Amino acid sequence: MNVLNADLHCHSTASDGTLQPREVVRRAHANGVDLLALTDHDELLGLPEAAGAAAELGLRFVPGVEISVSWLDQTLHVVGLGIDPSNEALIAGLAQVRGGRDGRAERIAVELERIGIRGALAGALRYAGNPSLVSRAHFARYLVEIGISKNVHDVFLHYLARGKPGYVEHVWATLEEAMGWIKGAGGLAVIAHPGRYRLSQAEMDILFDRFRDLGGDAIEVSCGAHDGGQVLAFARLARKFGLMASRASDFHGPEDSPIDLGRAPPLPPDLTPVWTHLT
């Protein structure tokens with residue numbers, strides 16, 4: 001089952017992707033993806049369109065979401081796979097998380113204006129397919145547009161990452177809340193792209209120990225953010241904590257993502273793929 005071309009983490013215009021949900025599905029199908037999960041940030045809006053497009057193409061589709069979590073003064077992301085999009089507690093929880101995004105976007109714009117970058121909020125909104133969910137990626141696209149940086153990655157590196165001029169602290173859901181919403185909606189919980197977090201080995205062990213105790217299911221071992229060494233490192237952590245492994249591109253758009261849909265490296269063959277437990 002490890003040879004299945006599964007892509008279990010990607011984004012559409014319902015959050016900070018650049019393609020409509022149906023376009024994401026069509027691109028995945030054209031790339032030979034066998035199993036796809038759309039996992040927009042804190043939002044379920046794109047799932048009906050994506051599911052319909054997948055049904056038309058005969059592509060196996062999994063409803064998903066990526067929840068923003070605050071943990072040890074960092075922002076982590078937990079992916080929920082196979083969730084029930086009609087679950088009331090999940091819907092209410094995600095609405096609560098999204099509710100803080102407007103204020104954060106306004107604060108980011110203020111911080112960017114301090115260093116002479118004006119009109120950033122209006123610019124970011126032009127890139128937001130969902131105006132209720134303005135993210136750092138939308139600001140990044142605007143800064144590329146006006147020539148501040150050459151690409152989105154460069155914007156994050158110099159303007160929107162922790163300690164940079166446009167970075168704004170924000171409190172998201174707790175790990176316990178996110179896990180409760182995912183498990184309550186019948187989903188499997190996956191720690192997304194752990195290689196992106198600035199955690200020591202001891203902190204990483206604490207995170208996965210707590211995640212497992214809360215009913216966590218898998219680690220995103222193979223993804224667009226991980227190099228070969230990180231794939232091996234997080235495979236070791238999956239074995240250590242008895243967790244399954246996920247594979248994903250974390251695709252946001254043709255111009256924004258390091259790898260395309262369905263192009264993540266294969267999982268190490270001894271790991272249990274999370275998709276073996278998806279119905």
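The residues of the chain are indexed from 1 along the displayed sequence. Just so it is clear, the model here is predicted, and its values are computed rather than measured.
- Under the 3.5 Å distance criterion, the side-chain polar atoms of Lys183 are matched with a main-chain donor or acceptor of Gly215.
- Applying the salt bridge (Lys or Arg N to Asp or Glu O under 4.0 Å) criterion to Glu66, with sequence neighbours excluded, gives no partner residue.
- What you find for Asn130 and Leu45 is that their closest heavy atoms are ND2-CD2, 4.1 Å.
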Before you tell me yes or no, could you show the steps for Asp7 and Arg263 under salt bridge (charged side-chain N to carboxylate O under 4.0 Å, His left out), namely the whole-Å CA-CA distance, both residues' side-chain angles and the distance that decides it to 0.1 Å? CA-CA 8 Å; Asp7 195 327; Arg263 301 291 192 257; over 6 Å; no
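- In Arg162, the CZ atom is crowded: over 12 heavy atoms of neighbouring residues, nucleotides or ligands sit closer than 6.0 Å.
- Looking at His158, its side chain never comes within 3.5 Å of a backbone N or O of Val155 through a donor-acceptor pair.
- Across all non-hydrogen atoms, the minimal contact from His226 to Gly195 is NE2-N, 2.9 Å.
- For the residue pair His11/Asp250, the side-chain donor-acceptor check at 3.5 Å is satisfied.
- Under a 3.5 Å cut-off, the side chain of Glu49 and the backbone N or O of Arg22 do form a donor-acceptor pair.
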Check step by step if side-chain hydrogen bond (donor to acceptor under 3.5 Å, both in side chains) holds for Glu145 and Tyr127. CA-CA 10 Å; Glu145 174 195 324; Tyr127 283 94; 2.7 Å; yes
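- A donor-acceptor pair is defined here as one N or O able to donate and one able to accept, closer than 3.5 Å; such a pair exists between the side chain of Gln74 and the backbone of Arg198.
- Between His29 and Arg26, the side chains place no donor N or O within less than 3.5 Å of an acceptor N or O (distance only, hydrogens not considered).
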Could you please spell out the steps behind the side chain to side chain contact (heavy atoms under 4.5 Å, CB included) verdict for Leu207 and Leu76? CA-CA 10 Å; Leu207 170 63; Leu76 310 181; 3.7 Å; yes
Steps toward side chain to side chain contact (heavy atoms under 4.5 Å, CB included) verdict (Asp256, Thr18): CA-CA 8 Å; Asp256 288 2; Thr18 62; 3.8 Å; yes
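- Distance alone, capped at 3.5 Å, is enough to place a donor-acceptor pair between the Ser257 side chain and the His252 backbone.
- Although no hydrogens or angles enter the test, the distance criterion places a donor-acceptor pair under 3.5 Å between the side chain of Asn151 and the main chain of Asp154.
- The ring pair (Phe, Tyr, Trp, His ring centres under 6.0 Å) check on His277 picks up nothing, with sequence neighbours excluded.
- For His193 and His9, the distance between ring centers is under 6.0 angstrom.
- With hydrogens and angles disregarded, a donor-acceptor distance shorter than 3.5 Å links the side chain of Thr276 to the backbone of Pro273.
- In this structure Arg236 satisfies the salt bridge (Lys or Arg N to Asp or Glu O under 4.0 Å) test with no other residue, sequence neighbours excluded.
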